[in-house]
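The structure under discussion appears below in the form of structure tokens.
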Amino acid sequence: MTAAPATILRQHLIDPEICIRCNTCEETCPVDAISHDSRNYVVDAAKCNLCYDCISPCPTGSIDSWRNMPADRAYPIAEQLLWDSLPAQIALDQGTEVGAGDTATDLPDDVERIAAASTAGQGGTAPPPWSAAHPYINLYGIHAPAVATVSGNFRLTAADASSDIRHIVLDFGNASFPVLEGQTIGILPPGLDANGKPHHVRLYSVASPRDGERPKYNNLSLTVKRVTEDHEGKAAQGVASNYLCDLKKGDKVNVVGPYGTSFLMPNHPGSNLLMICTGTGSAPMRAMTERRRRKAAAGEGGKLMLFFGARSPGELPYFGPLTKLPGEFIDMNLAFSRVPGEPKHYVQDLLRERGADVARLLQDDNTYVYLCGLKGMEKGVEEAFTALCQANNLNWNALRPQMLQQGRYHVETY
Ligand code: A2P
């Protein structure tokens, strides 16, 4: 009598060495199979249905990790949470049987095809604008980062402001590190964490246009807020933000990336940008606005409308340069929440106030919307869009999915 063959499961895993803990996979997974602790992102084999929705949005490819395992020996979550690297593929016995959903021989092609289809605007990540330039991603990884030199570190917030936000310029020397407006880069803080392991990568949006912080220089800039408390207001020193904010001119920084294939700007003439941000969420908006400013003479692009929220003018990064931009170049709306003697204003309040103009822009097929900043803002902005559309004979519930599918609605909140 022969024993029944063991069923082999193609187990979906996340490579902890490459993962930059950006949470994209956990947000994307439609069946809540992905979770994390302070150390690792992990996949529950009992929940994962191999839909591949998470594969394409992952900036690093760490999500695209698989091991063939006997179904009854799949790696449990508790074990994955302790990994520093993926285990090697175990040797499988002869006489095993391929389990449901497994396409053991040609999975990589299959994954690409399914993932591409799944991002075509059914929720998840929006495709980039049709006229966006080609983004390069993943040129440098944690085992071979690019080494940049700090060429500037300037405080953007007023001396008496409660937050320390900095404009940090990194020069890549002879290394090729091409970025587009809206992309992010990863910073590797030096030293070890509480577990004696190297710190994880931290992501920052690029604040300068594709041709450099200074045109024709091989440099870029970041907008970094020194983190001194956690989300609940308890004292906590952000590892990467404090490292970056303390950098001096001439210091070397290990950089990985670039990342991001979706939150990119259109390049065709007549394309409008509706930008909504709070605090350091202004980084990609600065990059896009500066790109448009440099290209204005060449006729690239259409209208620019910005909604920007901060506690006060002294807390608003780039307040000085922004307010010097001419009104015919950019329609600027600044919302301040903590100016003594003045009512609290959020970006969503100003969106409502400018409802008719915003609705006019939303009706134009050439309008691209970008949202970046505090997570809480997202709900407020969605409600404002719903209300202002209603007041102007538009239906946001119908427009939103259409804009997502057409790569015209991009959200990055944290
Ligand atoms: P608040 O004064 O209520 O904190 P921060 O300085 O913390 O980065 O925040 C940037 C701006 O975003 C502040 O003006 C802050 O106001 C505002 N803000 C906070 N929560 C929201 C929200 N849910 N929607 C829109 N703006 C918000």
Side-chain angles (χ1 to χ4, degrees), residues 23 27 154-168 184 202-207 221-242 244-245 263 274-289 305-323 331-355 358 362 369-389 396 400 409-414:
N23 205 50
E27 278 170 24
F154 314 97
R155 184 169 163 126
L156 292 167
T157 42
D160 61 348
S162 56
S163 55
D164 180 11
I165 302 182
R166 286 172 178 269
H167 183 69
I168 296 169
T184 55
R202 306 306 207 279
L203 288 187
Y204 291 91
S205 286
V206 173
S221 61
L222 305 176
T223 315
V224 183
K225 178 176 177 176
R226 188 187 292 278
V227 174
T228 52
E229 54 185 39
D230 63 16
H231 280 296
E232 279 138 28
K234 281 191 250 141
Q237 296 297 307
V239 171
S241 70
N242 279 278
L244 286 169
C245 289
F263 197 108
L274 172 53
M275 301 172 279
I276 304 158
C277 62
T278 56
T280 52
S282 56
M285 313 314 181
R286 177 185 184 267
M288 292 185 194
T289 303
M305 194 172 195
L306 173 69
F307 290 84
F308 191 166
R311 298 175 188 186
S312 67
E315 304 264 359
L316 188 133
Y318 310 112
F319 181 72
L322 264 180
T323 49
D331 182 344
M332 199 146 26
N333 301 269
L334 306 180
F336 298 118
S337 57
R338 301 192 200 179
V339 176
E342 286 186 21
K344 195 177 184 80
H345 273 121
Y346 280 172
V347 283
Q348 52 267 41
D349 302 322
L350 298 194
L351 278 169
R352 280 196 177 83
E353 279 176 27
R354 299 290 313 277
V358 173
L362 288 177
V369 179
Y370 299 86
L371 213 70
C372 189
L374 296 173
K375 185 107 199 133
M377 162 186 69
E378 209 177 318
K379 184 166 169 277
V381 168
E382 289 278 346
E383 285 167 3
F385 276 148
T386 304
L388 71 87
C389 279
W396 178 242
R400 186 184 189 280
Y409 188 57
H410 298 276
V411 180
E412 218 163 76
T413 53
Y414 37 81

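Order of listing sets the numbers, starting from 1, for every ligand and every atom in it. Remember, predicted model here, so these are calculated numbers, not experimental data.
For T280, no heavy-atom contact with ligand 1 is shorter than 4.0 Å. With a 4.0 Å heavy-atom cut-off, ligand 1 is reached by no atom of K379. Residue M377 touches ligand 1 through backbone and side chain together, judged by heavy-atom distances below 4.0 Å.
Counting heavy atoms from C-beta on, the side chains of T289 and Y318 never come closer than 4.5 Å. Within the 4.5 Å cutoff, the side chain of F308 has heavy atoms near those of the P317 side chain. S205 is not listed as a side-chain neighbour of F263, based on a closest heavy-atom distance of 4.5 Å or more.
Numbered from 1 in the order shown, with element, the atoms of ligand 1 that lie under 4.0 Å from a heavy atom of K344 read 1 (P), 2 (O), 3 (O). Every atom of ligand 1 with a heavy atom of R338 under 4.0 Å away is listed here by number and element: 1 (P), 2 (O), 4 (O). Distances below 4.0 Å separate heavy atoms of K225 from the following atoms of ligand 1: 5 (P), 6 (O), 7 (O), 8 (O).
For atom 13 (C) of ligand 1, the nearest protein heavy atom (residue, atom name, distance) is S337 OG, 3.5 Å. For atom 24 (N) of ligand 1, the nearest non-hydrogen atom of the protein is Q348 NE2, 3.1 Å. Among all protein heavy atoms, the one lying closest to atom 9 (O) of ligand 1 is L374 CD1, 3.5 Å.
Listed here is the closest heavy atom pair of T413 and V411: CG2-CG1, 3.9 Å.
Heavy atoms of A310 come nearer than 4.0 angstrom to ligand 1 in at least one pair. Contact annotation: R311 has at least one heavy atom less than 4.0 Å from an atom of ligand 1. Note on ligand 1: G309 sits in its first shell, one or more heavy atoms being nearer than 4.0 Å.
At most 12 non-hydrogen atoms from other residues, nucleotides or ligands lie less than 6.0 angstrom from NZ of K379. Heavy-atom contacts from other residues, nucleotides or ligands closer than 6.0 Å to NZ of K234 number 12 or fewer.
Between the side chains of R286 and T223, no donor N or O sits under 3.5 Å from an acceptor N or O.
Evaluated for a side-chain contact (heavy atoms from CB on, under 4.5 Å) with L316, the options L322, T157, T323 yield exactly one hit, L322.
Between H345 and F336, a ring centre-to-centre spacing not shorter than 6.0 Å is recorded.
The closest non-hydrogen atom to atom 21 (C) of ligand 1, taken over Y346, F307, F336, F308, comes from Y346.
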